[in-house]
Amino acid sequence: MADTKVKAAPKKSTASNGAAAKGQGKTVTTVRQPDPVMPGTDKPTAAASGKAAPQPKRAAAPAFPKETYMQWYEQMQLMRKFEDKAGQLYGQQKIKGFCHLYIGQEACVAGAVSALEIGDKYITAYRDHAHPLALGTSPNAVMAELYAKATGCSKGKGGSMHMFDKSVGFVGGHGIVGGQIPMGAGLAFAEKYNKTGKLCICYMGDGAVRQGALHEAFNMAMLWKLPVIFVIENNGYAMGTSVSRTSNVTELYKLGLSYDMPSEPVNGMRVEDVHEAVARAAERARKGDGPTLLEFKTYRYKGHSMSDPAKYRTKEELEDYRHRDAIEGVRHTILSNNMATEADLEAIDEAIKARVAESVEFAENSPFPTPDELYKDVYVQADYPYIHD
């Protein structure tokens, strides 16, 4: 779970900066994207031609213990199956409002949780269902929050975009684009001021780097050597526009170099690479050397939100990335190194399906918040006298 910390010898990131082809046929993306390949496979170009993707040829030597791979598999499958169900429920209008799914990006959270410690803080934008699940929040509480029920992790007051769980160090999803970046620096300031030895990891999307608050936060974080890890989850499109159409700098990690901030690209489709990069950044932060900027090159299989048909990309591109799936990569490593059997993994899958089904039943049967909840949790002071007229 969240207290697992695994050390491995640092190695060079395997992220690729290859640019997608421009002006060829129906290709619509010009964004620089990662070129992650599942362990034991050739580069998966066959998928774009409509042929079957190549199958694994050889066993991938495991870089981490069996327990870590099994933890990653279970965490990422929980995120995936939970989000799949959330998408179905949204289509049934059981979940309303906005809903941004994390399907495809699971390694960006799982690898960070295994590299960090209990007591570290996590903050992100509004694509935020997976983070508390990986940290140990009950799926019941997350699903109930999606249903806007009183038993939700934010008491039904936040919904999809505003998950919080202080008990596991998750300081929320935030709806204002880029608004969480200075708050992440502030959380890190508090950890340094209180001499806790803990840090904050602050996630943002590739669209959020256009916000001026990022530059103010980066400057102060470096000036004060705050223990914060800034993470850009670059899934290529922000809401629906490729990075190359919105920025002259398409390798987004380079933005940190303007502030002499240690910065690097990371293959966000490979959980081992995420773990190693976060572990290096955490070591620097805990030593007092200040912040790090990591660009997780990742990919979302769904649109920006449930209302986005994602017509700005081709089916061939989507299938290419599905053949680089982080969960399948971990699954392959587990099976090819005899860490578990197909039956073992199927049993995990079935148990996760049951947990997700239980979360739906829990949410369905939970009550909505009562009207008086409107006046609670507004101020820390419980008897604050100026809420009512």
Side-chain angles (χ1 to χ4, degrees), residues 78-79 82-83 85-87 89-90 93-103 105-106 108-109 112-113 120-187 190 200-205 207-208 211 213-214 217 231 233 235 238-239 300 302-308 359-360 362-363 366-380 387:
L78 176 59
M79 297 179 221
F82 185 95
E83 293 287 65
K85 178 57 70 173
L89 294 167
Y90 191 90
Q93 298 187 346
K94 296 292 185 69
I95 297 170
K96 300 180 181 180
F98 295 100
C99 186
H100 305 80
L101 302 180
Y102 207 67
I103 298 171
Q105 299 184 204
E106 294 87 355
C108 298
V109 170
V113 170
D120 290 333
K121 304 300 187 295
Y122 295 70
I123 190 170
T124 189
Y126 42 78
R127 197 180 303 277
D128 61 347
H129 311 160
H131 300 71
L133 289 173
L135 287 165
T137 302
S138 167
N140 291 5
V142 179
M143 187 63 77
E145 190 59 39
L146 290 175
Y147 270 67
K149 295 297 184 72
T151 53
C153 56
S154 297
K155 300 183 181 180
K157 301 176 182 181
S160 171
M161 299 172 68
H162 303 285
M163 300 281 175
F164 285 80
D165 190 348
K166 182 179 179 181
S167 69
V168 297
F170 185 60
V171 196
H174 296 265
I176 297 176
V177 175
Q180 77 279 12
I181 303 171
M183 286 193 281
L187 288 164
C200 176
I201 183 167
C202 176
Y203 289 81
M204 68 198 81
Q211 299 295 323
L214 174 140
V231 171
E233 292 181 294
N235 58 34
M239 288 184 68
R300 54 171 163 79
K302 301 293 184 180
H304 171 72
S305 70
M306 288 297 296
S307 62
D308 174 17
S359 75
V360 176
F362 177 81
S366 292
F368 286 104
T370 54
D372 65 308
E373 282 292 325
L374 180 65
Y375 303 105
K376 297 179 182 178
D377 305 312
V378 179
Y379 292 92
V380 173
I387 297 177

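Because only heavy atoms are used, hydrogens play no part in the values below, and waters and symmetry mates are left out as well, while side chains stay in.
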Inset, instruction - Using the side chain to side chain donor-acceptor pair (under 3.5 Å) rule, pick out the option among R300, E233, K302 that qualifies with Y102. - result: E233

Inset, instruction - Compare all side-chain heavy atoms of L133 with those of F82 and state whether any distance is below 4.5 angstrom. - result: yes

Legend entry - Ring center gap for Y126 and H304 short of 6.0 angstrom: yes

Inset, instruction - Run the numbers on H131 and F164 for ring pair (Phe, Tyr, Trp, His ring centres under 6.0 Å), then give the verdict. - result: CA-CA 10 Å; H131 300 71; F164 285 80; over 10 Å; no

Inset, instruction - Quick one: closest heavy-atom pair of I103 and E106, and the distance? - result: CA-OE2, 3.5 Å

Inset, instruction - Could you tell me whether a side-chain N or O of K96 sits under 3.5 Å from a main-chain N or O of A148, the two making a donor and an acceptor? - result: no

Inset, instruction - Could you give me the CA-CA distance, side-chain angles and deciding distance for M183 and C200, then say whether side-chain contact (heavy atoms from CB on, under 4.5 Å) is met? - result: CA-CA 10 Å; M183 286 193 281; C200 176; over 6 Å; no

Inset, instruction - Measure the spacing between CD1 of I95 and CD of E145 and express it to the nearest 0.5 Å. - result: 11.0 Å

Inset, instruction - Output yes when a side-chain donor or acceptor of S154 lies under 3.5 Å from a complementary backbone atom of H162, and no otherwise. - result: yes

Legend entry - Criterion side-chain hydrogen bond (donor to acceptor under 3.5 Å, both in side chains) on H100 and S160, from CA distance to verdict: CA-CA 8 Å; H100 305 80; S160 171; 4.9 Å; no

Legend entry - Residue pair Y147 / L89, side-chain heavy-atom distance below 4.5 Å: yes

Legend entry - Separation of R127 CZ from S305 OG (nearest 0.5 Å): 8.0 Å

Inset, instruction - Measure across P132 and F170 and return the closest heavy-atom pair with its distance rounded to 0.1 Å. - result: CD-CE2, 3.8 Å

Legend entry - Inter-residue atom distance K85.NZ - L101.CG, 0.5 Å rounding: 13.0 Å

Inset, instruction - Tell me, with the steps shown, if Y122 and V113 meet side-chain contact (heavy atoms from CB on, under 4.5 Å). - result: CA-CA 9 Å; Y122 295 70; V113 170; 3.9 Å; yes

Inset, instruction - Please report the shortest heavy-atom distance between A208 and V177, naming the atom on each side. - result: CA-CG1, 3.7 Å

Legend entry - Approximate separation, where rounding is to 0.5 Å, of L214 CG and M204 CE: 5.5 Å

Legend entry - Heavy-atom closest contact (M163 atom, V142 atom, distance): CE-O, 3.6 Å

Legend entry - Positive for salt bridge (charged side-chain N to carboxylate O under 4.0 Å, His left out) with K155, one of D165, D377, D372: D377

Inset, instruction - For P182 and A217, work out which heavy atoms get closest and say how close. - result: CA-CB, 4.0 Å

Inset, instruction - To the nearest 0.5 angstrom, please state how far the NZ atom of K149 sits from the OG atom of S366. - result: 6.0 Å

Legend entry - For Y203 against V109, the heavy-atom pair lying closest together: OH-CA, 3.9 Å

Legend entry - Chi angles and distances behind the side-chain contact (heavy atoms from CB on, under 4.5 Å) call for D120, I201: CA-CA 8 Å; D120 290 333; I201 183 167; over 6 Å; no

Inset, instruction - Give, for atom SG of C153 and atom CG of N140, the distance between the pair rounded to the nearest 0.5 Å. - result: 11.0 Å

